[in-house]
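Residue numbers begin at 1 in each chain, while the letters A, B, ... track the order of the sequences.
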Number of protein chains: 2
Amino acid sequence: MDCPGNEQGLRYGGVTSLSDVAQAAGVHPGTASRALNPQTRHRVSAETAQRVQEAADRLGYQPNSVARALRTRRSHMVAILIPDLTNPLFPPIVRGVEEVLAPAGYSAILVNTDNDEAKEGHLFAELRGRQCDGFIVATARREHPLLEQAAAEGVAMVLVNRVTDRRPASSVTADEAGGVHAAIAHLSSLGHRRIAHLAGPQNLSTGLIRYRAFVDACDRAGLGPDDRPVVVCDSFSETAGEAAMHRLLRESVRPTAVFASNDLLALGALDATRAAGLRCPQDLSVVGFNDMPFLSRMSPALTTVHVPQRTIGAEAARMLLQSLEDPGPPRSLLLGCELVVRASTGPAPRN
Amino acid sequence: MDCPGNEQGLRYGGVTSLSDVAQAAGVHPGTASRALNPQTRHRVSAETAQRVQEAADRLGYQPNSVARALRTRRSHMVAILIPDLTNPLFPPIVRGVEEVLAPAGYSAILVNTDNDEAKEGHLFAELRGRQCDGFIVATARREHPLLEQAAAEGVAMVLVNRVTDRRPASSVTADEAGGVHAAIAHLSSLGHRRIAHLAGPQNLSTGLIRYRAFVDACDRAGLGPDDRPVVVCDSFSETAGEAAMHRLLRESVRPTAVFASNDLLALGALDATRAAGLRCPQDLSVVGFNDMPFLSRMSPALTTVHVPQRTIGAEAARMLLQSLEDPGPPRSLLLGCELVVRASTGPAPRN
DNA sequence: GTGAAAGCGCTAACAG
DNA sequence: CTGTTAGCGCTTTCAC
């Protein structure tokens with residue numbers, strides 16, 4: 001029976017090492033190394049190369065990446081830092097990252113930070129200790145001394161869906177401002193003249209950017225400050241959205257439309273709307289942001305701004321690999337967003 | 001300014017090594033190692049220990065896990081194999097795994113296999129080469145020669161949400177049969193006497209188990225073979241569910257209820273139902289499986305069997321860590337499921 | 001084109 | 001209690 005790793009030359013534990021292969025092929029380990037590495041195979045006679053390759057196959061040799069990493073100082077591992085995998089925004093991003101990393105021979109270590117600064121610092125240090133070659137960071141806090149320092153030290157890093165206020169690092173982001181403008185233009189064209197904003201946490205880059213873009217877009221649409229009430233939520237969650245919406249509905253003059261800083265906030269807002277006995281979209285229109293999966297199946301199907309999550313992940317990975325091969329100055333990639341109109345928006349009700 | 005790693009003793013590249021710390025503390029690297037490792041700290045004088053610790057802190061020392069792993073043959077890395085992170089079933093499982101791994105000092109490498117055997121074999125070999133200490137495998141093919149061989153070789157491994165036909169490896173699974181029985185009992189109690197099954201792929205453990213349990217439950221409910229038509233889907237996806245449902249609805253005698261092998265199939269079935277001009281649940285009841293996130297917001301809110309995904313992940317991780325500390329015979333943990341009744345099921349229509 | 005030897009950073013035996 | 005030494009498995013100079 002052909003059972004790899006079951007011949008003489010077997011190391012205890014069933015693992016075949018390079019010297020086993022070398023011995024089996026009758027060459028020096030150094031030569032075996034050269035023969036097996038595509039980069040250096042040409043420095044070895046075709047005949048030897050083949051003999052070594054055959055021995056390796058026969059023994060089921062699998063190179064020990066740890067030893068290789070120690071020697072070459074390249075682990076071929078990339079760390080992905082996200083706030084919470086359970087937030088439906090992130091799985092597509094992570095998948096996009098892996099789609100690019102895997103074929104390039106890189107593996108991804110995934111960690112959840114819960115946007116907790118201490119936790120993040122901890123994890124980051126640990127991952128550096130693991131000799132990760134690069135970092136894809138999708139946590140969105142604006143202030144980020146650790147990352148800034150790391151970037152300054154030349155650690156390869158791509159920021160996703162977020163921008164630091166200073167920009168020492170590369171990033172790939174959605175054109176959030178563009179998306180916000182499209183959303184507000186849509187509401188405006190439906191006749192809405194009083195549009196509220198459920199803003200995300202202002203210490204998160206997305207929260208702030210979308211808030212600013214909202215104000216800007218309302219200005220352009222000719223809405224005065226009183227016609228664009230804002231409630232800031234303390235997290236991007238359904239419960240926060242629901243609470244914020246309740247607060248909003250208590251105000252004397254009700255808005256006819258709500259632009260939420262992300263889909264989860266919007267879903268919470270819908271709950272509050274329903275609880276208040278209002279119908280969406282007849283009494284109140286709601287727009288979200290991100291276009292997380294399955295939104296079209298919800299009731300009502302949520303109008304939102306589509307963010308190309310998988311592409312963002314893939315591009316971030318590409319950018320990281322590139323800067324690993326040949327480090328250069330930071331780059332920023334901006335990907336377009338598109339408004340997806342569904343059932344949660346309609347004409348403004350007449351007073 | 002206090003800038004770690006910026007003193008003399010600094011290695012090129014800004015990384016501080018153990019000998020730098022040792023030198024700064026005026027001790028031998030071996031001693032520094034002992035002082036810094038909680039396991040061996042007691043073998044060193046309290047005074048030295050503190051001096052070394054201070055030097056380490058001052059220099060911002062971060063141990064090189066790669067070197068450590070090479071020496072100790074423990075990488076403190078665990079691989080998670082899942083079919084597709086984009087399937088909403090998996091993020092909670094992965095999160096649960098990480099919740100347990102991280103505090104224990106383990107990192108998780110995540111890979112998507114798309115249930116592709118070749119890809120999986122490839123990735124698995126690569127991960128073994130990376131010296132992962134253990135594997136959490138959530139891919140559900142029943143036949144799995146690679147894994148079986150690995151398990152036989154003593155590779156630490158926990159299977160999640162799946163069982164191999166032979167059982168050389170540990171596993172954590174939901175009580176799927178129990179869940180199926182609850183679902184069918186529910187439908188039966190609503191008066192349904194003709195219940196169809198949208199079965200999952202029969203080469204996947206979940207697909208087969210749920211199918212068998214369905215047949216069994218129908219028997220107990222007193223339904224004859226003709227009263228429980230089955231359509232097998234070739235993937236656990238919405239499109240497959242939709243196609244299967246269309247096929248079902250073309251049959252002469254229509255079922256009054258459908259039990260789908262998972263939520264995605266159920267969602268697809270709902271599409272087909274709507275397209276055929278039937279209302280759910282008035283004309284047809286639908287039950288899913290898994291209770292993936294946001295189901296309660298869909299229209300109609302799907303009745304389904306709740307699987308404790310996060311718990312499954314956490315328990316799998318615990319089990320893996322345990323078997324890493326002290327390998328023993330395989331264990332199997334079965335976690336209870338609960339039927340969640342929502343709006344997609346109702347009384348059987350009268351003929 | 002191939003062998004010899006050094007060394008990545010760490011830990012674990014072994015001395016003393 | 002601490003210093004010394006060897007070596008994990010690999011790559012990479014340097015000789016020949």
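Residue A:Thr48 has its side chain nearest to C:dG1 when only C:dG1, D:dC10, D:dG9 are considered. Comparing atom distances between the A:Asn37 side chain and each of D:dT11, C:dG9, D:dC10 picks out D:dT11 as nearest. Counting only heavy atoms from C-beta on, B:Val27 has its side chain closest to D:dG3 among C:dG3, D:dG3, C:dG9. Nearest to the side-chain atoms of A:Val44 among the listed nucleotides C:dT11, C:dT2, C:dG9 stands C:dT2. Comparing D:dT5, D:dT2, D:dG7 against the side chain of B:His28 picks out D:dT5 as the nearest.
Taking the charged nitrogens against the carboxylate oxygens, A:Glu315 and A:Arg318 do have a contact shorter than 4.0 Å, which makes a salt bridge. In this structure, B:Glu54 does not pair ionically with B:Arg58, as no charged nitrogen and carboxylate oxygen lie closer than 4.0 Å. Between B:Asp133 and B:Arg73 there is no salt bridge, since no side-chain nitrogen of the basic residue lies less than 4.0 Å from a carboxylate oxygen of the acidic one.
As rounded to whole Å, 14 Å separates atom C1' of C:dA12 from atom CZ of B:Arg73. Atom CD in B:Gln23 sits about 14 Å away from atom P in C:dG9, given to the nearest Å. Rounded to an integer number of Å, the gap from B:His42 NE2 to C:dA12 P is 12 Å. Summarising the geometry, the separation between CD on A:Gln62 and C1' on D:dG9 is reported as 14 Å, rounded to the nearest angstrom. B:Asn64 places its CG atom 18 Å from the P atom of C:dG7, with the value rounded to the nearest Å. Per the geometry, CZ belonging to A:Arg41 stands 13 Å off P belonging to C:dT2, to the nearest Å. Between the CG atom of B:Leu18 and the P atom of C:dT11 there is a distance of 6 Å, given to the nearest Å. Atom-to-atom, CG of B:Leu70 to C1' of C:dA12 comes out at 14 Å; the value is rounded to the nearest Å.
Among the protein residues, A:Arg43 comes within range of the nucleic acid bases, having at least one heavy atom under 4.0 Å from a base atom. Heavy atoms of A:Thr72 sit under 4.0 angstrom from primed sugar atoms or phosphate atoms, though from no base atom.
Side-chain atoms of B:Asp326 and B:Gln322 include no donor-acceptor pair closer than 3.5 Å.
Enclosure of atom CD in B:Gln50 is not indicated, since only 12 or fewer non-hydrogen atoms of other residues, nucleotides or ligands lie within 6.0 angstrom.
A donor and an acceptor atom sit less than 3.5 Å apart, one in the side chain of A:Arg34 and one in the base of C:dG3.
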